[in-house]
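Here is the structure we will look at, set down as structure tokens.
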Amino acid sequence: MLVVASSAIYYFYVAVRYYSSDLTAWISKKSSRKTAYTTVTRSPVPTEPLPSKIISDNYETSESAESDYDELEYLIGSIQKTISDAAARSMKPNELKGALGLVLQEHPSLKNDGMRPAINELVASECAKQNIPISESEADRLWENQI
């Protein structure tokens, strides 16, 4: 029992002597967490159920947004794959433009979407990575297959 007590006293001395700044930071961090948790207030839960029309409209919007997101992800992957394949095969820029035009035409719902400028920028940047000269304005014309 004496050995346990003397060991505890020794380790307490070492902790205070050599790790006092760490201990004070740890203790102050603990106390700030307690105050942060106590200041959180909860808003009251509404007691009226939502009309089923609102719930179904939100579900449809959520479902269509998810499908748009999936289509966008698929388009991004297709663009990156087409450009990397073209670089691997040393395809001419005009041939790549034709291939990218076909990829973009497969997604007419994204044609008039707000993401079109970002997609054009993606095409230009991916082409720049592969040293293929296609600008954003050329990428924008690919949607109409005007190149």
Side-chain angles (χ1 to χ4, degrees), residues 7-8 10-147:
S7 294
Y10 172 75
Y11 284 114
F12 179 74
Y13 171 76
V14 169
V16 170
R17 173 86 169 124
Y18 296 106
Y19 299 103
S20 61
S21 61
D22 294 335
L23 288 172
T24 55
W26 182 70
I27 291 170
S28 66
K29 194 183 301 183
K30 281 263 195 186
S31 65
S32 68
R33 285 185 191 164
K34 287 180 183 176
T35 58
Y37 289 131
T38 57
T39 58
V40 174
T41 60
R42 295 182 184 231
S43 60
V45 178
T47 56
E48 298 177 12
L50 292 174
S52 61
K53 171 108 174 91
I54 294 173
I55 293 171
S56 65
D57 287 348
N58 287 339
Y59 179 73
E60 290 170 8
T61 304
S62 165
E63 191 175 282
S64 67
E66 188 174 311
S67 67
D68 288 346
Y69 179 76
D70 291 340
E71 185 175 357
L72 180 63
E73 287 293 317
Y74 181 77
L75 175 62
I76 290 170
S78 297
I79 289 171
Q80 291 172 335
K81 184 175 182 337
T82 302
I83 293 172
S84 64
D85 289 349
R89 290 192 233 151
S90 301
M91 192 182 286
K92 294 180 183 177
N94 286 337
E95 293 173 353
L96 174 61
K97 290 175 187 177
L100 285 172
L102 293 174
V103 169
L104 293 174
Q105 286 179 356
E106 290 175 5
H107 305 279
S109 64
L110 297 175
K111 180 178 180 179
N112 297 323
D113 193 357
M115 294 300 294
R116 183 172 172 168
I119 295 169
N120 295 339
E121 184 178 339
L122 172 74
V123 169
S125 67
E126 289 293 319
C127 287
K129 288 179 189 175
Q130 302 293 338
N131 295 322
I132 301 171
I134 294 180
S135 66
E136 284 184 47
S137 60
E138 290 174 317
D140 191 52
R141 285 180 276 170
L142 292 174
W143 290 91
E144 311 298 332
N145 207 12
Q146 295 177 353
I147 293 184

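What's counted below: heavy atoms across the whole structure, side chains too, no hydrogens, waters or symmetry copies.
The side-chain contact (heavy atoms from CB on, under 4.5 Å) test with Ile119 is passed by exactly one of Asp140, Ile76, Leu72, Leu142: Leu72.
To the nearest 0.5 Å, the span separating OG on Ser78 from CG on Leu100 amounts to 10.0 Å. Note: Ile134 CD1 to Ser125 OG = 11.5 Å, rounded to the nearest 0.5 Å. A distance of 11.0 Å separates CG of Asn120 from CE of Met115, quoted to the nearest 0.5 Å. Atom CZ in Arg141 sits 6.5 Å away from atom OG in Ser135 (nearest 0.5 Å). In this structure, Leu104 CG and Lys97 NZ are separated by 13.5 Å, a value rounded to the nearest 0.5 Å. The structure places CD of Glu126 at 5.5 Å from CD1 of Ile83, a figure rounded to the nearest 0.5 Å.
In terms of heavy-atom proximity, His107 sits nearest to Trp143 at O-CZ3, 3.9 Å. Of all non-hydrogen atoms in Ala87 and Gln130, the two that sit nearest each other are CB-OE1, 3.2 Å. Closest non-hydrogen pair, Glu136 versus Pro117, comes out as OE1-O, 4.4 Å. Here the shortest heavy-atom pairing between Ser21 and Thr24 reads O-OG1, 2.9 Å.
In this structure the side chain of Thr82 never reaches within 4.5 angstrom of the side chain of Leu102, judged on heavy atoms.
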Output a table of donor-acceptor pairs, distance under 3.5 Å, between side-chain atoms of residues 11-19 and any protein atom two or more places apart or on a different chain; print 'none' if there are none.
none

Exercise. Should Gln80 and Leu122 be marked as a side chain to side chain contact (heavy atoms under 4.5 Å, CB included) after you check the CA-CA gap, both sets of side-chain angles, and the distance that decides it?
Worked result: CA-CA 9 Å; Gln80 291 172 335; Leu122 172 74; 4.2 Å; yes

